[in-house]
Asker: 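What follows is a structure written as structure tokens; I'll ask about it next.
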Amino acid sequence: MNYSKLILLCLSLLLVDTLSAQTTLGVKAGYTNAWPEYGDIQLPENAQTSVNGFNVSLTAYKSLGNIFSVGVEPGFVKRGMACMPGWQPIFQGDTKLLLDYVELPLFISSKFNLFKTNFSVNAGIGYGAAVVTSAMREIMNVAGDQVLDRQKMASGEDDSLLNKIDHGAYGKLGVGYDFKFGQLFFESSFYAGMRDVERFNVSKNRSINYSLGYNFSF
């Protein structure tokens, strides 16, 4: 048997095993806290850089045995920053950048049951891409309690200020409770974007999600 036939046989066996593996489908949603990584940019003292948002995702996984699984989590998340890069320490107002993303991360996840009970610890790492669907700049007063102006911003790869596409790494950790046909779970996940949001300044996405969800297994 030559190498090409052997590789084809191995791929076929892997495909059959994957198709026969347990499938898990679910949904999750929750709160998001997002902020930028500015690099060496100097900020005003006690500057507030984070913004609050929300997230919602579908989940689809195939098991790779009793512990590990691989899957995707397409979803929507609101990220941004409470102080855009490029502003000087002294200014008339502050500015928020509010970003809506659709994202598609690929995860490798694991599940460990606790002491033969229905409770489990869930963990995972992943990588994926995200695309801006909406970007809004809000100019605030100095006190930060009033919007002075609201401007919709364009994103793209030509002459726009913002990068339309981001990609980055994910990590998640949570706890779950198993039922007969699925699992109720709560998890926290961290995202570290690799591209600058604002094309001319260091401004990488960082965010933490706190999500509640349910997975159906069959």
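Side-chain atoms are counted along with the backbone in the values below, which use heavy atoms only and exclude waters and symmetry mates.
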Asker: Hey, are Asp100 and Lys78 close enough for a salt bridge, meaning a charged N less than 4.0 Å from a carboxylate O?
Answerer: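 Counted as a salt bridge, because a side-chain N and a carboxylate O are separated by less than 4.0 Å.
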Asker: Within the side chain of Lys62, is there an N or O that forms a donor-acceptor pair under 3.5 Å with the backbone of Val70?
Answerer: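 Pair absent, no side-chain N/O of Lys62 close to backbone of Val70.
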Asker: For Asn33 and Asn209, run side chain to side chain donor-acceptor pair (under 3.5 Å): C-alpha distance rounded to whole Å, both residues' side-chain angles, the deciding distance at 0.1 Å, then the answer.
Answerer: CA-CA 7 Å; Asn33 181 249; Asn209 292 344; over 6 Å; no
Asker: Would you say Asn205's side chain and Asp166's backbone share a donor-acceptor pair under 3.5 angstrom?
Answerer: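 Flag not set: sc Asn205 to bb Asp166 has no pair under 3.5 Å.
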Asker: How about Phe179 and Tyr177: are their ring centroids closer than 6.0 Å?
Answerer: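 Ring centres of Tyr177 and Phe179 closer than 6.0 Å.
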Asker: Return yes if a side-chain donor-acceptor contact under 3.5 Å exists between Asn122 and Ser120, otherwise no.
Answerer: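 Result is yes, a qualifying pair exists.
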Asker: In terms of ring plane angle, is the pair Tyr191 and Tyr170 parallel, tilted or perpendicular, where the classes change at 30° and 60°?
Answerer: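 Tilted, since the angle between the ring planes falls between 30° and 60°.
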Asker: Under the 3.5 angstrom rule, does the side chain of Ser63 hit a backbone N or O of Gln22 as a donor-acceptor pair?
Answerer: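 Present.
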Asker: According to side chain to side chain donor-acceptor pair (under 3.5 Å), does anything in residues 68-77 pair up with another residue at least two apart or in another chain? List the pairs.
Answerer: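 Listed by first then second residue: Lys28-Glu73, Tyr61-Glu73, Glu73-Lys172.
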Asker: Phe107 and Tyr127: aromatic ring centres closer than 6.0 Å?
Answerer: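 For Phe107 and Tyr127, the ring centres are not under 6.0 Å apart.
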Asker: Near Ile108 CD1, under 6.0 Å, is it more than 12 heavy atoms from other residues, nucleotides or ligands?
Answerer: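 Not more than 12 within 6.0 Å, no.
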Asker: Answer with yes or no whether the side chains of Gln48 and Ser50 bring together a donor and an acceptor at under 3.5 Å.
Answerer: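 There is such a pair between these side chains.
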Asker: In terms of side-chain heavy atoms, does Glu37 have a donor or acceptor partner in Ser203 at a distance below 3.5 Å?
Answerer: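 Absent: no donor and acceptor within the cut-off.
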Asker: If you count every heavy atom of other residues, nucleotides or ligands that lies below 6.0 Å from Leu104 atom CG, does the total exceed 12?
Answerer: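 Check passes, neighbour count above 12.
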Asker: Just by modelled atom types, is the Ser160 backbone N or O under 3.5 Å from a matching donor or acceptor in the Arg199 side chain?
Answerer: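 Yes; judged by distance alone, with no hydrogens or angles, the pair exists.
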Asker: Just to verify, what does Glu198 make a salt bridge (Lys or Arg N to Asp or Glu O under 4.0 Å) with, not counting sequence neighbours?
Answerer: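 Not a single residue meets the salt bridge (Lys or Arg N to Asp or Glu O under 4.0 Å) criterion with Glu198.
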Asker: Name all pairs fulfilling the salt bridge (Lys or Arg N to Asp or Glu O under 4.0 Å) condition that reach into residues 203-218, sequence neighbours left out, sorted by first residue then second.
Answerer: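 Listed once each, the pairs are Asp196-Lys204.
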